[in-house]
Amino acid sequence: MFRIQVDNLKFKLPNETDPLFVISHLVVNPGEKLAIISPNGTGKTSFLKALISKTESSQIKIHGTIAYVAQSQGFTSESGGEKVKRELNEAFDQHPDILLFDEPTANLDQENQNWLINKITHSRASILVVSHDQFLLTNNFSKVIDFGQKRKA
């Protein structure tokens with residue numbers, strides 16, 4: 001059985017007539033690793049948030065538990081890298097069926113990027129990662145969706 005299935009999803013921003021992105025059909029199977037790439041502003045983060053909230057529930061079907069790590073923002077007593085690694089550790093420690101990561105390597109040094117790649121490689125979860133990081137994307141994902149290509153997947 002699939003972990004995520006998306007059919008005929010058209011995501012529009014408020015007050016916009018054209019969809020930000022369209023996904024005709026997407027299936028993510030158990031253990032599958034999927035990367036989402038494209039320039040900024042094409043809807044990658046909006047897509048992850050739609051999966052979490054299931055706001056388009058007739059178009060999105062989820063089977064399993066989800067852990068989500070958002071793109072690091074704001075100021076805390078931790079460095080950006082410390083905060084991201086803690087959040088990634090917490091997500092992996094939940095042992096969810098599905099992991100969603102938004103720009104997880106943005107604040108990680110090389111050592112912690114290698115740690116993350118190892119965790120992704122050995123995880124049994126289905127994983128969707130939004131990233132621009134070519135080092136992370138190289139050889140770690142079974143599917144790549146490019147939201148920048150006519151905003152359709």
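Bear in mind that the values here come from a model prediction, so they are computed numbers and not experimental data.
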For His132 and Asn40, what are the C-alpha separation, side-chain angles and deciding distance, and is it a side-chain contact (heavy atoms from CB on, under 4.5 Å)? CA-CA 9 Å; His132 294 101; Asn40 290 334; 3.1 Å; yes

Can you list every ring pair (Phe, Tyr, Trp, His ring centres under 6.0 Å) pair that touches residues 111-130, not counting sequence neighbours? none

Non-hydrogen side-chain atoms of Leu34 and Val129 separated by less than 4.5 Å: no

By side-chain contact (heavy atoms from CB on, under 4.5 Å) - contacts of Asp133 (at least two apart): Thr105, Gln113, Ser131, Phe135, Leu136

Report yes if some heavy atom in the side chain of Lys44 is under 4.5 Å from a heavy atom in the side chain of Leu48; otherwise report no. no

Give me each pair satisfying salt bridge (charged side-chain N to carboxylate O under 4.0 Å, His left out) with a member in residues 92-102, each pair once, sequence neighbours excluded. Arg3-Asp97

For Asp18, what residues pass the side-chain hydrogen bond (donor to acceptor under 3.5 Å, both in side chains) criterion, not counting sequence neighbours? none

In chain order, what residues pass the side-chain contact (heavy atoms from CB on, under 4.5 Å) check against Asn8, with sequence neighbours excluded? none

Listed partners of His63 passing ring-ring contact (aromatic ring centres under 6.0 Å, His included), at least two apart: Phe2

Run the side-chain hydrogen bond (donor to acceptor under 3.5 Å, both in side chains) test against Ser123 and tell me which residues pass, sequence neighbours left out. none

All heavy atoms of Gly81 vs all of Leu108, minimum pair found to be O-CD2, 3.6 Å

Answer yes or no: is there a side-chain heavy-atom contact under 4.5 Å between Ser126 and Ile4? no

Any residue meeting side-chain hydrogen bond (donor to acceptor under 3.5 Å, both in side chains) with Glu32, in chain and number order, not counting sequence neighbours: none

Verdict with reasoning, Leu137 to Val144, per side-chain contact (heavy atoms from CB on, under 4.5 Å): CA-CA 9 Å; Leu137 297 174; Val144 176; over 6 Å; no

Going by distance alone, is a donor N or O of one side chain under 3.5 Å from an acceptor N or O of the other, for Asp7 and Gln5? yes

Using salt bridge (Lys or Arg N to Asp or Glu O under 4.0 Å) as the criterion, list what pairs up with Glu82, not counting sequence neighbours. none

Would you check if Val22 and Leu9 make a side-chain contact, meaning some heavy-atom pair closer than 4.5 Å? no

Here the gap from Leu116 atom CG to Lys85 atom NZ, rounded to the nearest 0.5 Å, amounts to 9.5 Å

Using a cut-off of 6.0 Å, state whether more than 12 heavy atoms not belonging to Gln110 lie near its atom CD. yes

Test item: Asn140 side-chain N/O and Thr138 main-chain N/O as donor-acceptor pair under 3.5 Å: yes

Locate the shortest heavy-atom distance separating Ala50 from Ile60; write the atom from each residue and the value. O-CD1, 3.6 Å

What heavy-atom pair brings Ala67 and Gln94 nearest, and what distance separates the two atoms? CB-OE1, 3.7 Å

Do Val130 and Phe47 pass the side-chain contact (heavy atoms from CB on, under 4.5 Å) test, and can you show the C-alpha distance, the side-chain angles, and the key distance before you say yes or no? CA-CA 10 Å; Val130 167; Phe47 176 61; over 6 Å; no

Could you work out, with ring-ring contact (aromatic ring centres under 6.0 Å, His included) as the rule, every residue matching Phe101, not counting sequence neighbours? Phe92

For Thr65 and Ile98: C-alpha separation, side-chain torsions, deciding distance, then whether side-chain contact (heavy atoms from CB on, under 4.5 Å) applies. CA-CA 6 Å; Thr65 57; Ile98 303 164; over 6 Å; no

What is the ring orientation for Phe21 with Phe11, classed by angle as parallel under 30°, tilted 30 to 60°, or perpendicular over 60°? parallel

Ile36 backbone acceptor or donor facing Lys143 side chain under 3.5 Å: no

Least distance between heavy atoms, Pro96 atom then Leu99 atom: CG-CD2, 3.5 Å

So, using side-chain contact (heavy atoms from CB on, under 4.5 Å) as the criterion, who are the partners of Asn107 when residues are at least two apart? Ser72, Val84

Which residues pass the side-chain hydrogen bond (donor to acceptor under 3.5 Å, both in side chains) test with Ser142, not counting sequence neighbours? none

So how far is it from Ile120 CD1 to Leu88 CG, rounded to the nearest 0.5 Å? 8.0 Å

Any chance you could measure Asn118, atom CG, to Asn112, atom CG, to the nearest 0.5 Å? 12.0 Å

